[in-house]
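Reading through the structure tokens given below for one structure.
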Protein chains: 2
Amino acid sequence: MEAATTPALGEVTVDLAAVILAVTEGSPRVLTVQGEADAEWAGEAGRRWVAERTGMQLGYVEQLYTFGDAGRDPRERAAGARVLSVAYLALVREQAFEAAGATWRDVYELLPWEDRRGGEPEVLAQAIEPALSRWWLAAGDEPTASTTTLDTAGGSPRERAEVAFGLGDLGWDSQRVLERYELLYEAGLVGEAGRDAGEPERGGHAQARLGKAMALDHRRILATALGRVRGKLSYRPVVFELLPEQFTLSALQRVVEALAGLRLHKQNFRRLVDRAGLVEPTGVQAHTARGRPAELFCFRREVLRERPAPGVGLPRSGR
Amino acid sequence: MEAATTPALGEVTVDLAAVILAVTEGSPRVLTVQGEADAEWAGEAGRRWVAERTGMQLGYVEQLYTFGDAGRDPRERAAGARVLSVAYLALVREQAFEAAGATWRDVYELLPWEDRRGGEPEVLAQAIEPALSRWWLAAGDEPTASTTTLDTAGGSPRERAEVAFGLGDLGWDSQRVLERYELLYEAGLVGEAGRDAGEPERGGHAQARLGKAMALDHRRILATALGRVRGKLSYRPVVFELLPEQFTLSALQRVVEALAGLRLHKQNFRRLVDRAGLVEPTGVQAHTARGRPAELFCFRREVLRERPAPGVGLPRSGR
DNA sequence: TGCTCTATGCTCACAGCGAGCATAAACTGG
DNA sequence: CCAGTTTATGCTCGCTGTGAGCATAGAGCA
């Protein structure tokens, strides 16, 4: 690591990655766009950049993270340069599945352990817990990397795993998406880990890989994005970027649940968005297939002037 | 802006910026280090990179933001390339003022309107409010830029200013540091604005500039960092990265107050950190100059296993 | 009509937090 | 030694937010 003072000029390649999220039919979907582009992105130029590639009109856009780990892109070896990806997160409204040739992927097919709407997914107890505990036993109990930092819980592989996945009596923190993915990666439980290590494809008896792998480090980027959105839900009105102008409270709740990967208490959810002033009734009834018809609501902009952090506040421990 | 599809290879220069924060003698201080370096930073290599330049041992480090606006660096014109800075935020413990030639600067000399520990600073009512209202009157009431996004409050210059600075009966949100700086920049109230526009230095009768200017967009980066730290305070135990191993609750409170720029209710602060399980008593008394001696406490690591988001939770509206 | 399904209203209990009163333990100058 | 100052620490009151559940409303269907 003596390279720390190496000048970077000309040795770094920069590209852009956009993680576009939508919620369709009750499931979060992702569209990843990556490519070279001008460095400026956050403004209108970035919206156009994506629009050109996907034919979509982006709503909310924010910078997500800049990924630059060594070995994250095979082009590095080819070009002899570090490849840096500046990733952006964008939210778009529910829309046609196949928009202009773009292919949406179900987020929870890529990160199955993140969906707890149907209770704790069996992949956790069946595959993840036993594999992780085998891993931390093998890894020993020395704290990983930087003990200097108080933040990254504990430090020992075991403690990190327990906190990230809420094992034992610890609660599930829906925002720790990246921590979980990185643990699974370190423990070799996701396909990318073996691939990046240059292992051949595993055969039948091998450990089942969790979720579907993605190209490069796209799944890590997706995990970062999902964690970010989940966090943002509780203090910014980002959900409304994913919904049509008017919606029923149930629809709103379904979108929140889809992103959070949690089931929420219905009455309390209504009370929350109502009393927080996030929505206002339109007086119009939705025509529903079954059951009592619901009223349509819309986002109440004034809440931005009233509350410093308007959001839907997920429960602390999802179980 | 047809450049959106321009390939970036070779046209982008990347460097690193580190914003190092400490709290000394009750005031937050900043040390900015910028320079070319290897792209990988987050890990040990980055700590060494800073250690080489400043002789400091970093504690907590996280990636802050990647700055890449056009025109942010004069080298762009020279090199004909966009300059991208990947900025990191680091926290270090209270230490000698002059560490190995590094010069600390008082954060609130750079962003004076952010310090409300002595009540609302007079610069707000005296200079900022009148200048901002002149600005929004001149700017008209058309929503700025992207109305597409529901998030960025309101959109009209006036509403943005009112929300960011908590004008009228709106509350002060200590985290909106960047929003405030950018508004002042847009309104031409900080020195960098005129400089970047190529104006000559203002003479006597000109509008007084707010706070001390910094090179390039360092002050914007600092504002980003301060906002991030303030946010982090409430859900991560980052304060303890700035304090010695053992500390009195008053010392802890002073550091939090320094960062938040707010005065906190003493008894409630004690109750908070105590009942949240953030600290544990050591049984040792501190030898104080005056008043009843205080007990020394230390960070309680177990809290990381008990709470999903351990932090000190600042009040929503500081007034 | 009774059943199912979804929407909506309301209550209870408890935790968290803002504000303030009260006391404790050191030092100071008379 | 006492009164006054200063800082630390303990405790209470009241409001709000939130988790959990009971109950009712309104629509379609057998």
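Letters A, B, ... are given to chains in the order of the sequence lines, protein chains preceding strands, and every chain is numbered from 1.
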- Message: Between E306(B) and R300(B) (salt bridge meaning N to carboxylate O under 4.0 Å), is one present in this structure?
- Response: yes
- Task: Mind checking L249(B) for me? I need base, sugar-phosphate or nothing, with any heavy atom below 4.0 Å counting as a touch.
- Result: nothing
- Message: Quick check with a 6.0 Å cut-off and a 45 degree axis cone: is R116(B) positioned over the face of W172(B)'s six-membered ring?
- Response: yes
List the atom pairs, with distances to 0.1 Å, where a side-chain N or O of residues 247-258 of chain B and a protein N or O form a donor-acceptor pair under 3.5 Å, not counting sequence neighbours.
| from | atom 1 | to | atom 2 | distance (Å) |
| --- | --- | --- | --- | --- |
| T248(B) | OG1 | A251(B) | N | 3.0 |
| S250(B) | OG | K266(B) | NZ | 3.4 |
| Q253(B) | NE2 | E257(B) | OE2 | 3.1 |
| Q253(B) | NE2 | L264(B) | O | 3.1 |
| E257(B) | OE1 | R263(B) | NH1 | 2.9 |
| E257(B) | OE2 | L264(B) | N | 2.7 |

- Query: Rounding to a whole Å, what distance do you find between L262(A):CG and dG19(D):C1'?
  - Reply: 14 Å
Would you tabulate the pairs of protein nitrogen or oxygen atoms and nucleotide nitrogen or oxygen atoms of nucleotides 28-30 of chain C closer than 3.5 angstrom?
none

- Query: Any side-chain donor-acceptor pair under 3.5 Å between E62(A) and Y60(A)?
  - Reply: yes
- Query: Counting only N and O atoms by type, is there a donor-acceptor contact under 3.5 Å from the side chain of R307(B) to the main-chain atoms of A276(B)?
  - Reply: yes
- Task: Rounded off to whole Å, could you give me the CG-to-P distance for the L278(A) and dG17(D) pair?
- Result: 12 Å
- In plain terms, say whether R105(B) and E109(B) are close enough for a salt bridge, that is, a side-chain N and a carboxylate O under 4.0 Å apart. no
- Item | Interatomic distance, L264(A) CG vs dT6(C) P [rounded to whole Å] | 17 Å
- Query: With a non-hydrogen cut-off below 4.0 angstrom, is R271(B) in contact with a base, only sugar-phosphate, or nothing?
  - Reply: base
- Residues L242(B), V92(B); criterion side-chain contact (heavy atoms from CB on, under 4.5 Å); working and verdict: CA-CA 6 Å; L242(B) 299 162; V92(B) 300; 5.8 Å; no
- Task: Quick one: label S250(B) by what it contacts on the DNA or RNA (base, sugar-phosphate, nothing), any heavy atom closer than 4.0 Å.
- Result: sugar-phosphate
- Message: At 4.0 Å (heavy atoms only), tell me whether Q267(A) reaches a base, stays on the sugar-phosphate, or touches nothing.
- Response: base
- Query: When the distance from NE2 of H287(A) to P of dT6(C) is rounded to whole Å, what number comes out?
  - Reply: 17 Å
- Item | Length of the CG-P vector between L272(B) and dC11(D), whole Å | 17 Å
- Task: State plainly whether the residues R305(B) and E159(A) are in salt-bridge range, i.e. N to O under 4.0 Å.
- Result: yes
- Figure out the CD/C1' separation between E295(B) and dG10(D), and round it to whole Å. 14 Å
- Would you call D173(B)-R176(B) a salt bridge at under 4.0 Å N-O? yes
- Query: To the nearest Å, how far apart are H265(A) NE2 and dT11(C) C1'?
  - Reply: 12 Å
- d(NZ, K266(A); P, dA23(D)) in whole Å: 19 Å
- Message: Counting primed atoms plus P, OP1 and OP2 as sugar-phosphate and everything else as base, spell out the protein contacts along nucleotides 25-30 of chain D at 4.0 Å heavy-atom distance: B, S or - for each nucleotide, 5' to 3'.
- Response: BBS---
